[in-house]
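Below is one structure; the comments refer to it alone.
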Amino acid sequence: HVQLVESGGGSVQAGGSLRLSCAASKYRYTSYCMGWFRQAPGKQREGVAGICTGPFGPYYGDPVKGRFTVSRDNAANTLYLQMTSLKPEDTGVYYCAADPTRKYGLGHVNPDEYKHWGQGTQVTVS
């Protein structure tokens, strides 16, 4: 059973930046399709970014396009989310997730296809 552990959340002023990390407990597990999601209080979970292996680029949700960048270091078993130009509406708990059934293809943020989830890290933008 793989574990995913997010870190890097915190409080930041609008316009600031944060980098979230997601460490996987299995070697090179991050080579599978991985995603970042977030959930704000009182709102549904929202797909932020998804990345798979291959020539296709990552997927980004419309609210974060041009501001967030997803990347990974498979040798370090770590997924990242670089967040810049943060806005108060980016506030929420951020989760990373893994789709262990797929490595290749387009990045996606269909939560039903992600089987393993981290515990989340809080991001607060004021």
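Just the heavy atoms: all of them, side chains too, but no hydrogens, waters or symmetry mates, feed the values below.
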Applying side chain to side chain contact (heavy atoms under 4.5 Å, CB included), can you list everything that pairs with [X], at least two apart in sequence or on another chain?
X      : value
Ala40  : Lys43
Val93  : Tyr95, Gln122
Lys103 : Ser31, Tyr32

> Pairs in or reaching into residues 38-68: which pass ring pair (Phe, Tyr, Trp, His ring centres under 6.0 Å), with residues at least two apart or in two chains?
Replying inline: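 Qualifying pairs, neighbours excluded: none.
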> Quick one: disulfide (SG to SG under 2.5 Å) pairs with a partner in residues 77-106, sequence neighbours left out?
Replying inline: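 Sorted pair list: Cys22-Cys96.
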Is any side-chain heavy atom of [X] less than 4.5 Å from a side-chain heavy atom of [Y]?
X      : Y      : result
Val123 : Leu20  : yes
Gln13  : Val125 : no
Gln39  : Gln44  : no

> For atom CD of Gln119, is the number of surrounding heavy atoms from other residues, nucleotides or ligands below 6.0 Å larger than 12?
Replying inline: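 Correct, the count exceeds 12.
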> Taking only residues at least two apart or on different chains, which pairs with a member in residues 50-71 satisfy salt bridge (Lys or Arg N to Asp or Glu O under 4.0 Å)?
Replying inline: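 Salt bridge (Lys or Arg N to Asp or Glu O under 4.0 Å) check on residues 50-71 returns Asp62-Lys65, Arg67-Asp90.
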>> Test: salt bridge (Lys or Arg N to Asp or Glu O under 4.0 Å). Region: residues 45-60. Which pairs qualify, not counting sequence neighbours?
In response: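 Qualifying pairs: Arg38-Glu46.
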> When Ile, Leu, Val, Met, Phe, Trp and Tyr are grouped by side-chain heavy atoms lying under 4.5 Å apart, directly or through other members, which residues fall in the same group as Tyr104?
Replying inline: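 Members alongside Tyr104: none; it stands by itself.
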With rounding to the nearest 0.5 Å, note down the distance linking [atom1] in [X] to [atom2] in [Y].
X     : Y      : atom1 : atom2 : value
Asp99 : Lys115 : CG    : NZ    : 7.5 Å
Ile51 : Thr30  : CD1   : OG1   : 9.5 Å
Ser85 : Lys87  : OG    : NZ    : 8.0 Å
Cys52 : Arg102 : SG    : CZ    : 5.0 Å
Met34 : Ser71  : CE    : OG    : 11.5 Å

> Step by step, would you call Thr53 with Arg72 a side chain to side chain donor-acceptor pair (under 3.5 Å)?
Replying inline: CA-CA 10 Å; Thr53 298; Arg72 55 189 170 182; 2.9 Å; yes
>> Please say yes or no: joined through hydrophobic side-chain contacts below 4.5 Å, possibly via intermediate residues, are Tyr94 and Val109 part of one cluster?
In response: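 The answer is no; the residues belong to distinct hydrophobic clusters.
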>> So, using side chain to side chain donor-acceptor pair (under 3.5 Å) as the criterion, who are the partners of Asp73 when residues are at least two apart?
In response: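 For Asp73, no residue satisfies side chain to side chain donor-acceptor pair (under 3.5 Å) once neighbours in sequence are set aside.
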> Can you name the residues that form a salt bridge (charged side-chain N to carboxylate O under 4.0 Å, His left out) with Glu89, not counting sequence neighbours?
Replying inline: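 None.
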>> Show the nearest heavy-atom pair for residues Leu4 and Ala24, with the distance to one decimal.
In response: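 Of all heavy-atom pairs spanning Leu4 and Ala24, the closest is CD2-CB, 3.7 Å.
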> Where is the tightest heavy-atom contact between Pro88 and Ala14, given as atom of each residue plus distance?
Replying inline: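 Looking at all heavy atoms of both residues, the shortest contact is CD-CB, 4.1 Å.
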>> Taking Gly9's backbone N and O only, do any of them form a donor-acceptor pair with Thr121's side chain (distance below 3.5 Å, no angle check)?
In response: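 Flag set: sc Thr121 to bb Gly9 pair under 3.5 Å.
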> Under 3.5 Å, side chain of Ser25 to main-chain N/O of Gln3, donor-acceptor pair present?
Replying inline: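 Side chain of Ser25 to backbone of Gln3: a pair is present.
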> With sequence neighbours excluded, what pairs up with Tyr114 under the ring-ring contact (aromatic ring centres under 6.0 Å, His included) test?
Replying inline: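 Only Phe37, His108 meet the ring-ring contact (aromatic ring centres under 6.0 Å, His included) criterion with Tyr114.
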Kindly list each side-chain donor-acceptor pair under 3.5 angstrom involving residues 75-82, sequence neighbours excluded, with atom names and distances?
| from | atom 1 | to | atom 2 | distance (Å) |
| --- | --- | --- | --- | --- |
| Asn77 | OD1 | Arg28 | N | 2.5 |
| Thr78 | OG1 | Ala76 | O | 2.9 |

